[in-house]
Amino acid sequence: MAEENQKHIILATSDNDEKKIIRREVEKQRRTHMSILCASLRSSLPFELIKGKRSTSDHIGEAVNYIQILKEKINALQVKRDRLKQMVNSSSVETGIEPDHSGALVKCVNINPIPGGVEISICSGFEEGSSSPLSELMEILLQEGCDVVSCVSTHANGRIFHTIKSEVEELTRLDLAKLQLKLDHAILLSR
């Protein structure tokens with residue numbers, strides 16, 4: 001009978017040891033997995049946020065702050081997108097021009113060749129403070145080889161219109177499509 005009790009105690013002890021070993025192994029795998037996840041999180045953050053911070057809790061705190069900053073940027077971009085959509089819709093209603101179905105905006109820049117140069121008409125603003133700085137537009141014209149002769153700006157219906165006349169030595173060397181694209185891009189970025 002004493003032998004049976006000893007066998008039972010040995011079996012019970014070995015069962016406990018096995019459970020402890022399994023628990024230890026599971027915990028080791030959990031820590032390894034958490035370490036990998038923390039390293040992945042750390043690598044996703046900008047270096048400036050984690051510089052000088054060593055603890056995982058600091059990294060997680062900075063990740064939370066960074067996510068909040070990204071959410072604010074997303075919200076600001078959504079507002080800007082909605083405003084652009086509204087401008088397109090109001091432009092198409094007022095001018096009778098439909099935007100194309102690719103989602104592009106109605107043209108804000110018209111370039112017309114004239115003798116000795118080009119005349120550029122630009123609708124650059126839809127509300128106070130949203131117009132593209134005229135100096136940026138002039139800089140683009142100079143980069144493309146246009147010498148500005150005159151510029152007239154007009155405010156009408158809450159919009160700003162610029163008519164720019166410029167001289168070009170050789171009109172055939174001026175890429176009008178490229179110029180239009182650059183001006184459109186500058187105007188859209190300023191909104």
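For the single chain, residues carry numbers from 1 onward in sequence order.
Atom-to-atom distance recorded for I120:CD1 and L179:CG is 5.0 Å, nearest 0.5 angstrom. In this structure, CD in Q180 is found 9.5 Å from CD1 in I122, a value given to the nearest 0.5 Å. The distance from atom OG1 of T163 to atom CG of N110, rounded to the nearest 0.5 Å, is 10.0 Å. Once rounded to the nearest 0.5 Å, the distance linking CD of Q78 with CZ of R83 reads 14.0 Å. Distance check, rounded to the nearest 0.5 Å: CD of E48 to CD of E62 gives 11.0 Å. Taken to the nearest 0.5 Å, the CG atom of L183 stands 11.0 Å off from the NE2 atom of H162.
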List the steps and the verdict of side-chain contact (heavy atoms from CB on, under 4.5 Å) for C151 and M138. CA-CA 10 Å; C151 176; M138 295 293 187; 3.6 Å; yes

Please step through side-chain contact (heavy atoms from CB on, under 4.5 Å) for the pair D82 and V79, ending with a clear verdict. CA-CA 5 Å; D82 292 343; V79 167; 5.7 Å; no

Report the C-alpha separation of V109 and I111 in whole Å, then their side-chain angles, then the decisive distance to 0.1 Å, and conclude whether the side-chain contact (heavy atoms from CB on, under 4.5 Å) test is met. CA-CA 7 Å; V109 177; I111 301 175; 4.0 Å; yes

Step by step, would you call K73 with I69 a side-chain contact (heavy atoms from CB on, under 4.5 Å)? CA-CA 6 Å; K73 285 182 180 181; I69 291 168; 4.1 Å; yes

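When hydrophobic side chains of Ile, Leu, Val, Met, Phe, Trp and Tyr are connected at separations under 4.5 Å, L49 ends up clustered with L45, I50, Y66, L70. Under a 4.5 Å side-chain heavy-atom criterion applied to ILVMFWY residues, the cluster that includes L41 comprises I60 as well.
In terms of heavy-atom proximity, E144 sits nearest to L174 at O-CD1, 3.4 Å. Nearest heavy-atom pair, S40 versus S43, reported as atom, atom and distance to 0.1 Å: O-OG, 2.8 Å. Here the shortest heavy-atom pairing between C146 and V168 reads SG-CG2, 3.9 Å.
Heavy-atom contacts from other residues, nucleotides or ligands closer than 6.0 Å to NZ of K165 number 12 or fewer. Environment of CZ in R81: crowded, with over 12 heavy atoms of neighbouring residues, nucleotides or ligands closer than 6.0 Å.
For K28 and E25, the salt-bridge test fails: no basic side-chain N is under 4.0 Å from an acidic carboxylate O. Under the 4.0 Å criterion applied to side-chain N and carboxylate O atoms, E27 and R23 are not assigned as salt-bridge partners.
S166 has its side chain within reach of V118: a pair of non-hydrogen atoms, C-beta onward, lies under 4.5 Å apart. Put simply, the side chain of L134 reaches to within 4.5 Å of the side chain of L137, judged on heavy atoms. Side-chain atoms of Q68 and K71, non-hydrogen and from C-beta on, do get closer than 4.5 Å to each other.
A continuous path of Ile, Leu, Val, Met, Phe, Trp and Tyr side chains, each step under 4.5 Å between heavy atoms, connects I164 with L176, placing both in one hydrophobic cluster.
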